[in-house]
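Reading through the structure tokens given below for one structure.
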Amino acid sequence: MLAMPLISNLKNTRSPAVKNVITSLVIIYILRNFCLHMSEPHRAQISEGILERMEKLLTKVRSASLKRKESNLSRKLSKEGKGKKKAGLGSNLEPTDLKDLDSISINTTDAPPVENKNNGPQPSKRVSQDFSISTTPPGAYGSTYSLTEGPALITVEPLPKNSSRRSSLSKPGTRKPSIQHVGFQSPELEPEDQGENDPTPAPTPAPTPTPSTAGSIKNSKKHKHHHMPSLISLISNATRATSKSNRSLRRTRSTTTVRRLAAYKAVSDNFPTTRPAYIAIGAGALMLQVVERISQYSYGQLADVTFVSTGAASEHIMASYKLRPITSLNLLSPETKIDVYFDTADEVDDNLNCIRGRTGNIHLERMVALRSENFICIIDYHKRVPTLFTTGKSMAVEITPESYFWVIKKLRGSKAIASLRSGEPAISGPCITQRGNYIIDATWPSLRDAGEEVEILAEIVKGIYGVVDHGIFYAGEGGWNGRPSKVYVGLEDGAVDTLG
Ligand SMILES: O=C(CO)[C@H](O)[C@H](O)COP(=O)(O)O
């Protein structure tokens, strides 16, 4: 459907070069959709071919356009030579000289200044080395979601066999961004990933227009004809993203991609197969990708699954994908076990002990872990350490508000660097948990071993009056205290390590 504006544009285009480009783009677009259904190695091969073809085409068009520009220039100069003086020749050589190329713009920076006897040296036009296919007037759409629409070279896990593609696609939040989404910023993309390294298309969790994007919507209504250039841009961006992702297949992946690969694998490996099922989901950036993967299951597969949140942040993540979790563990009967609990951590050591707490509701997270059959912890390689407190991260210590001075004194006595977590800028004063408690962020010098010392430290902290809970999830002599059953580590090269 997206190819239609391109095809209709063929009729209005005079330049054979542009016709050539449009035809090829349509073919590429169709091929690209076709490729989405292929296995990764095939897709990679084919997309390399597409890229080569695309690059050849672009080079051709580029030289054709430059020739055209040169001849326009000499025509203008010769007219001027005949006495038709015009001031500011350079400014008349706007890309309108390339009007046949419609939205294809060639910026010309390093062109030598053109000497003109009447007007002296002309302002130099900017000629860039790179051929660019632009969408709309620059900046009209800002940073676009369409950048993630590129060929999905890294669809990590196929949908489970019995999943119905139709129902999965029609499920809210799983639909691919349509052309109307151009102009919205994908909420879960880190800046480093936008259109650069993250080739996996993400479902759109109901984007919220910002004032600037509201402007874009207005613009897009006003310039209906920009739909076609937007598509060109989409393919061009996708091509760039593909080429970068091909390169990154051989090198490293961005943190977001690495996390997504780990999250997708963790969900695919541990999605419960029996019904009724209970799935708990924590908070943190990575959980968005867990929920994204879960939302790809069909309605049938999600039927009779009860979701459990570990607090408001986790509820919010699930709500963005139309999952409605229960918000209190007391709604589960005492016999009910949560089948799987997906969450993340700040550091995981060699024994799979971990520290956690940036999201705050540490006590609720512990209770969910204790009530779960499997705690699946998902991290990226930065968080994998030999012993805890290696990276300088703090863990949360949840305390009653009255105990603040008492606890902080005791923690500092145990060699911790500890401070009360502030609620700024949301609230003035201390951060208050959903249960009305305060949080102290505490870090220690790196522990020497990944076993005994963890347990000793955890017991010291838990033994201080006023401490409700803390962020060390471990197993020791004294029993199991929420240590993950498995840890999925997204590695730099895109592989996923499974520990435990
Ligand atoms: O408290 C936690 C998990 O409940 C973690 O400390 C925290 O969420 C990690 O967040 P991110 O994935 O954004 O680094």
Side-chain angles (χ1 to χ4, degrees), residues 187-193 198 254-264 266-267 279-293 307-318 320 325 327 329 338 340-349 352-372 374-385 388-398 421 431 433-435 437-444 458 461 468-474 481-490 496:
E188 92 288 3
L189 289 184
E190 289 174 359
E192 56 165 333
D193 285 305
D198 194 350
S254 72
T255 307
T256 302
T257 302
V258 159
R259 287 172 166 211
R260 175 171 283 127
L261 291 166
Y264 274 38
V267 173
I279 300 178
I281 298 171
L286 225 151
M287 289 305 112
L288 199 59
Q289 291 157 0
V290 164
V291 176
E292 180 184 299
R293 174 67 186 101
F307 290 95
V308 181
S309 81
T310 60
S314 132
E315 257 166 67
H316 188 75
I317 290 169
M318 286 191 255
S320 67
T327 53
L329 278 181
I338 296 167
V340 56
Y341 165 36
F342 295 106
D343 210 333
T344 177
D346 294 308
E347 281 185 358
V348 176
D349 75 14
L352 306 196
N353 300 311
C354 59
I355 54 169
R356 318 178 58 204
R358 209 175 57 74
T359 49
N361 268 344
I362 208 69
H363 182 56
L364 208 48
E365 288 174 5
R366 172 102 54 199
M367 292 319 300
V368 170
L370 295 181
R371 293 201 60 179
S372 300
N374 296 293
F375 168 20
I376 304 300
C377 183
I378 309 159
I379 55 169
D380 63 68
Y381 59 96
H382 297 107
K383 296 179 172 187
R384 181 68 188 85
V385 292
L388 297 182
F389 302 106
T390 297
T391 62
K393 291 221 176 114
S394 311
M395 72 166 189
V397 180
E398 191 169 342
R421 190 180 292 184
C431 167
T433 72
Q434 273 179 269
R435 301 295 182 266
N437 294 322
Y438 285 3
I439 291 177
I440 291 176
D441 287 304
T443 188
W444 282 262
V461 178
V468 176
D469 216 324
H470 55 79
I472 307 180
F473 283 57
Y474 69 106
N481 279 283
R483 183 177 73 177
S485 20
K486 267 190 197 167
V487 179
Y488 285 77
V489 191
V496 179

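Below, each value reflects all heavy atoms present in this structure, side chains not excepted, and no hydrogens, waters or symmetry copies. Whatever order the structure lists them in is the order used to number ligands and atoms, beginning at 1.
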Intermediate values then yes/no, side chain to side chain contact (heavy atoms under 4.5 Å, CB included), Phe307 and Val291: CA-CA 11 Å; Phe307 290 95; Val291 176; over 6 Å; no
Worked verdict on Arg259 versus Thr256 for side chain to side chain contact (heavy atoms under 4.5 Å, CB included): CA-CA 5 Å; Arg259 287 172 166 211; Thr256 302; 5.7 Å; no
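When Asp343, Thr359, Ile378, Ile362 are ranked by how near their heavy atoms come to atom 2 (C) of ligand 1, first place goes to Thr359.
Close approach of ligand 1 to Ala283 is summarised as follows: ligand atoms under 4.0 Å from at least one heavy atom of the residue are 8 (O). Annotation for ligand 1: atoms under 4.0 Å from non-hydrogen atoms of Lys383 are 9 (C), 11 (P), 12 (O), 14 (O).
Side chains of Thr390 and Glu347: no donor on one and acceptor on the other come within 3.5 Å.
At the shortest separation from atom 4 (O) of ligand 1 among protein heavy atoms lies Glu365 OE2, 2.8 Å. At the top of the distance list for atom 13 (O) of ligand 1, counting protein heavy atoms only, stands Arg358 NH2, 2.6 Å. Among protein heavy atoms, atom 6 (O) of ligand 1 sits closest to Asp346 OD2, 2.5 Å.
Inclusion of Ile355 in the set of residues having an N or O under 3.5 Å from an N or O of ligand 1 is not warranted. Any N or O atom pair closer than 3.5 Å counts here, and Ala285 shares at least one such pair with ligand 1.
If you look at Met287 next to ligand 1, there are no close heavy atoms at all, none under 4.0 Å.
The pair Glu292-Arg260 meets the salt-bridge criterion, since a charged nitrogen lies less than 4.0 angstrom from a carboxylate oxygen.
For Gly282, the heavy-atom gap to ligand 1 stays at 4.0 angstrom or more.
Side chain of Thr344 to main chain of Ile378: a donor-acceptor pair is present (N/O by atom type, distance under 3.5 Å, no hydrogens or angles). Here the side chain of Arg366 pairs a donor or acceptor atom with the backbone of Ile472 at under 3.5 angstrom.
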